[in-house]
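In listed order, ligands and their atoms are each counted from 1.
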Amino acid sequence: MSAHRLQDALDALKSTRVRMTPQRHAILEFLYESMTHPTADEIYKALEGRFPNMSVATVYNNLRVFKEAGIVKELTYGDSSSRFDSVTSDHYHVICGNCGKIVDFHYPGLDEVETLAEHVTGFKVHSHRMEIYGTCPSCQGEKVNH
Ligand SMILES: [Zn+2]
Ligand SMILES: [Zn+2]
């Protein structure tokens with residue numbers, strides 16, 4: 001399934017003018033296979049052994065290119081550690097307050113909230129973000145063991 005999605009992303013990229021390089025391919029592959037919403041730094045650490053000349057800035061710049069091409073989504077949290085998501089369709093996230101892990105959570109889109117917000121405030125609403133916070137199963141396990 002992730003191989004299929006990766007191929008779709010590569011095809012989508014081919015239709016833009018973005019040149020595919022081994023580095024770009026590796027970054028995309030990692031993002032699509034990990035499903036963990038990694039930061040640029042985490043991707044860099046996972047791939048630096050294969051690409052000794054690569055820097056965190058290179059990874060980040062490539063992620064920006066992918067974002068502009070519409071094949072990854074950037075999740076900003078008000079600090080420098082943006083996380084990147086290979087699932088670009090609308091979905092919600094459950095976030096572990098202990099280790100920061102982000103897990104996809106599928107729930108019908110709350111479109112009526114947007115409609116109501118528009119109605120009440122007069123804003124032209126284009127999106128919304130809902131996040132669920134808690135403690136992930138592996139962090140719960142840690143607490144029991146220590
Ligand atoms: Zn956790
Ligand atoms: Zn996600």
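Considering the Zn ion (ligand 2) as centre, the angle to NE2 of H37 and to OD2 of D85 is 100° (10° rounding). Centred on the Zn ion (ligand 1), the SG atom of C136 and the SG atom of C139 lie at an angle of 100°, reported to 10°. The Zn ion (ligand 1) is the vertex of the angle joining SG of C99 and SG of C96, which measures 110° to the nearest 10°. To the nearest 10 degrees, the angle centred on the Zn ion (ligand 2) between NE2 in H93 and OD1 in D104 reads 100°.
By the neighbour-count criterion of 12 heavy atoms within 6.0 Å, atom NE2 of H126 is sparsely surrounded, having that number or fewer from other residues, nucleotides or ligands.
Taken from NE2 in H25 to CG in L10, the straight-line distance is 4.5 Å, to the nearest 0.5 Å. Between the CD1 atom of I71 and the OH atom of Y32 there is a distance of 5.0 Å, given to the nearest 0.5 Å. To the nearest 0.5 Å, atom CZ of residue F84 and atom CD of residue E74 are 4.0 Å apart.
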